[in-house]
K.L.:
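Below is the structure I would like to discuss, written out as structure tokens.
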2 protein chains.
Amino acid sequence: MQQIRPRATMRDVAALAGVSLKTVSRVVNDEAGVGDAVRARVRAAVVQLDYRHHQAASDLRRGTGRTRAVGVLVQDVANDFSSRLLRSLEDAAREHGLAVLAGSLDEDPDRERALVADMVARRVDGLVIMAATSMQDYLQPEQRAGLPIVFVDREPAGIAADSVTVDNRGGARAAVDHLLERGHRRIAFLGDLPSIVTANERHLGYLESLQAAGVPADPSLAVLGLHDEDQAQRALESLFASRTPPTAVFTARNVITVGALRALRARGASWRTALVGFDDLPLFELLDPSVTAVRQDVAALGRATAQILVDRLAGDASPPRRVVLHPELVFRASSNAPV
Amino acid sequence: MQQIRPRATMRDVAALAGVSLKTVSRVVNDEAGVGDAVRARVRAAVVQLDYRHHQAASDLRRGTGRTRAVGVLVQDVANDFSSRLLRSLEDAAREHGLAVLAGSLDEDPDRERALVADMVARRVDGLVIMAATSMQDYLQPEQRAGLPIVFVDREPAGIAADSVTVDNRGGARAAVDHLLERGHRRIAFLGDLPSIVTANERHLGYLESLQAAGVPADPSLAVLGLHDEDQAQRALESLFASRTPPTAVFTARNVITVGALRALRARGASWRTALVGFDDLPLFELLDPSVTAVRQDVAALGRATAQILVDRLAGDASPPRRVVLHPELVFRASSNAPV
DNA sequence: TTGAAAGCGCTACCAC
DNA sequence: GTGGTAGCGCTTTCAA
């Protein structure tokens with residue numbers, strides 16, 4: 001292994017160039033007021049010593065309190081929805097010279113609090129959170145200290161803050177309305193825990209749609225608390241094993257939809273069971289039958305979120321904004337199955 | 001808008017608690033040597049003032065040069081492969097109390113250098129890079145300064161550093177061997193720019209396989225420089241429009257495979273064209289025909305990478321490690337099409 | 001145009 | 001047990 005050479009500081013550069021520390025600082029920061037000859041000498045010393053600016057020390061002394069980094073906490077950076085959102089935010093952050101500290105919460109409230117604490121200790125300039133907690137009042141001190149916080153995908157509770165969300169209830173209603181219009185009456189609901197706001201909203205939309213159509217909701221057709229594909233697959237298999245199986249299914253999240261698709265496939269029931277999923281996936285269009293889905297415009301979600309954050313960073317102190325995007329039902333073949 | 005209250009410093013806490021700065025530091029860092037009464041008073045002041053530890057200042061003073069953050073630069077955090085790798089690394093980092101600074105490179109060498117420079121200025125403890133540059137000698141000064149760098153997915157050039165990669169050539173050979181065994185002779189290759197090491201390796205594997213089988217490679221069947229689905233789709237459509245279309249296709253990346261699937265679907269040629277893709281996708285199993293693919297164990301890739309990084313952070317100064325994982329051919333229906 | 005001194009928020013070292 | 005002093009690497013006065 002080669003010898004490691006400790007990083008050079010401005011002092012080292014100053015010594016080598018035969019100038020004062022302050023002059024090096026001026027050159028490194030491209031400030032005026034340094035003669036060309038001196039500037040060149042300093043530049044040479046910088047190169048020779050492989051000097052690298054120490055941003056943390058600089059930030060500390062400047063006292064602006066800015067680190068040019070933002071924290072982005074999503075449900076799971078490997079999930080299609082979360083990762084596309086993260087990417088959209090990264091692009092916006094990049095335009096403004098901001099680095100992105102990313103974290104996955106896995107619907108774990110403790111993890112959210114721990115990660116937020118870490119981001120605060122790092123003095124990120126702003127925070128974007130897809131909350132796993134049901135109550136975010138613990139963030140009030142941070143907000144009071146001037147930290148811009150934008151909630152994405154899920155509205156905050158216990159704190160007045162910006163949010164960019166999707167009309168989950170409306171999207172779910174549209175999905176179930178669609179199935180009802182095709183004559184279905186036994187429509188199953190597969191969703192995650194109702195403690196997750198979006199999951200609950202989608203469940204409520206399902207119930208509202210049934211009620212509006214005068215179709216009594218059969219509680220045995222609604223399965224909540226599904227986290228992954230396997231659970232969703234097993235849940236749907238159970239429903240099919242019952243005496244009165246559903247003729248249609250509304251799946252309230254992308255992984256749940258995939259699990260349901262596996263169950264239908266295994267049972268050979270893909271063409272005779274109607275399916276609508278919340279969240280579109282790139283390959284849904286290519287499946288047989290292609291999958292009808294409620295599509296969220298993830299890029300728009302990210303853009304709106306980033307815009308608010310950037311405005312706040314620029315000093316915008318107006319009241320919290322609430323942006324609600326409306327999802328779109330993408331009609332494909334999977335919802336055409338007969339009753 | 002509420003009043004913003006500047007963050008309290010240890011000095012403020014000390015003043016409120018009526019103790020010295022150093023005592024506050026002891027309490028905040030859970031050090032011994034503070035009486036219970038004093039400790040309680042300090043704790044109360046911390047809560048009252050919403051004091052938050054300033055990690056950067058602490059790191060600076062400690063002089064360990066550690067920030068407990070690592071940089072992870074992948075191709076695109078929204079891509080299935082990259083995002084799963086990122087997640088795997090995040091999990092490992094979390095276990096060691098490391099935060100993750102994430103960045104997408106989009107195969108842009110300038111962007112890689114810019115992001116690396118930023119990470120260095122932030123003094124990350126380590127760097128994981130899915131390189132977009134063809135030469136990484138520019139990282140030598142950072143390595144010399146003691147920064148652990150692990151290259152993932154693509155081996156480094158111009159620098160001796162750790163790497164965790166996949167046997168791309170072998171994987172591609174297995175894919176094409178498979179198609180040859182089924183009797184195909186006109187096998188198309190759809191891949192990205194040969195300047196991307198992995199893309200080139202997969203192309204070489206394709207050529208090697210053909211050569212080993214004594215099948216002359218028809219250059220008109222190989223299309224390189226495909227970046228996204230649309231380009232891949234159009235490329236395959238062009239091949240089909242030729243006088244001597246392929247009977248089989250090897251697609252060298254996940255987005256290319258999806259583009260090819262669209263082309264086959266649009267043409268109604270899915271069942272009569274054999275297809276093998278490099279990179280598996282969650283829904284390939286559910287397509288008709290299901291898609292045969294060369295699967296990389298992304299989680300294992302991430303784990304191996306993280307392990308090396310963690311070892312280096314712990315002081316391991318042994319010679320650079322080269323880990324090569326072997327992908328697996330997952331047989332499904334898409335490669336069964338007749339010649 | 002250049003530099004010396006002070007200090008950002010915090011902790012190591014050594015007094016008491 | 002507790003506190004003062006010095007100083008991490010840097011930038012801000014302000015003086016020369």
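The structure displayed is predicted, hence computed values, not measured ones. Lettering of chains follows the sequences in order, A, B, ..., and the numbering in each one begins at 1.
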K.L.:
For DNA chain C, which residues in residues 50-60 of chain A have a heavy atom at a distance below 4.0 Å?
P.N.:
A/Leu60

K.L.:
Measure from CZ on B/Arg7 to P on C/dC8 and round the result to the nearest Å.
P.N.:
18 Å

K.L.:
What is the separation between atom CG on A/Leu21 and atom C1' on D/dT13, rounded to the nearest whole Å?
P.N.:
15 Å

K.L.:
B/Thr305 side chain to B/Val152 main-chain N or O, any donor-acceptor pair under 3.5 Å?
P.N.:
no

K.L.:
Looking at every heavy atom in both A/Leu313 and A/Leu98, which two are closest together, and how far apart are they?
P.N.:
CD1-CD1, 3.9 Å

K.L.:
Please tell me which of the listed nucleotides, D/dT2, C/dT11, D/dT12, lies nearest to the side chain of B/Arg26?
P.N.:
D/dT2

K.L.:
Establish, with yes or no, whether the OP1 or OP2 oxygen of D/dT12 is under 4.0 angstrom from a side-chain nitrogen or oxygen of A/Arg62.
P.N.:
yes

K.L.:
Should B/Asp50 and B/Arg5 count as an ion pair when the cut-off is N to O under 4.0 Å?
P.N.:
yes

K.L.:
So A/Gly33, base contact, sugar-phosphate only, or nothing? Heavy-atom distance under 4.0 Å.
P.N.:
base

K.L.:
Just how far, in rounded Å, is P of C/dT1 from CZ of A/Arg41?
P.N.:
15 Å

K.L.:
Can you measure B/Arg39 atom CZ to D/dG3 atom P for me and round it to whole angstrom units?
P.N.:
13 Å

K.L.:
So does B/Arg61 reach the base of C/dG9 with its side chain, donor to acceptor, closer than 3.5 Å?
P.N.:
no

K.L.:
Quick one: which of D/dG3, D/dT12, D/dC10 gets closest to the side chain of A/Lys22?
P.N.:
D/dT12

K.L.:
Describe the nucleic acid contact of B/Val28 in one word from base, sugar-phosphate, nothing, applying a heavy-atom distance below 4.0 Å.
P.N.:
nothing

K.L.:
Please classify the nucleic acid contact of B/Arg11 as base, sugar-phosphate, or nothing, using heavy-atom distances under 4.0 Å.
P.N.:
sugar-phosphate

K.L.:
Rounded to the nearest angstrom, tell me the gap between atom CG in A/Asp12 and atom C1' in D/dC8.
P.N.:
13 Å

K.L.:
Strictly below 4.0 Å, N to O, side chains only: are B/Asp59 and A/Arg122 in salt-bridge contact?
P.N.:
no

K.L.:
Rounded off to whole Å, could you give me the CD-to-C1' distance for the B/Glu31 and C/dA12 pair?
P.N.:
10 Å

K.L.:
So, A/Arg312 side chain and A/Ser318 main chain: donor-acceptor pair closer than 3.5 Å or not?
P.N.:
yes

K.L.:
Is the shortest side-chain N to carboxylate O distance from B/Arg321 to B/Asp316 below 4.0 Å?
P.N.:
yes

K.L.:
Keeping to residues at least two apart or across chains, list the side-chain hydrogen bond (donor to acceptor under 3.5 Å, both in side chains) pairs with something in residues 31-47 of chain A.
P.N.:
A/Asp30-A/Arg43

K.L.:
For C/dT2, does OP1 or OP2 lie under 4.0 Å from any side-chain N or O of A/Ser20?
P.N.:
no

K.L.:
Note the angle between the end axes of the helix from C/dT1-D/dA16 to C/dC16-D/dG1, five pairs defining each, rounded to 10 degrees.
P.N.:
40°

K.L.:
Can you measure B/Asn29 atom CG to C/dG9 atom C1' for me and round it to whole angstrom units?
P.N.:
12 Å

K.L.:
Run the salt-bridge test on B/Glu90 and A/Arg111 with the 4.0 Å N-O cut-off and return the result as yes or no.
P.N.:
yes

K.L.:
Without decimals, in angstroms, what is the distance between A/Asp36 CG and C/dT2 C1'?
P.N.:
15 Å

K.L.:
Side chain of A/Arg7, backbone of B/Ala145: donor and acceptor closer than 3.5 Å?
P.N.:
no

K.L.:
Respond yes when some side-chain nitrogen or oxygen of A/Ser25 is under 4.0 Å from OP1 or OP2 of D/dT11, and no when none is.
P.N.:
yes

K.L.:
Please check this pair: side chain of B/Ser83 against backbone of B/Asn79, looking for a donor-acceptor N/O pair closer than 3.5 Å.
P.N.:
yes

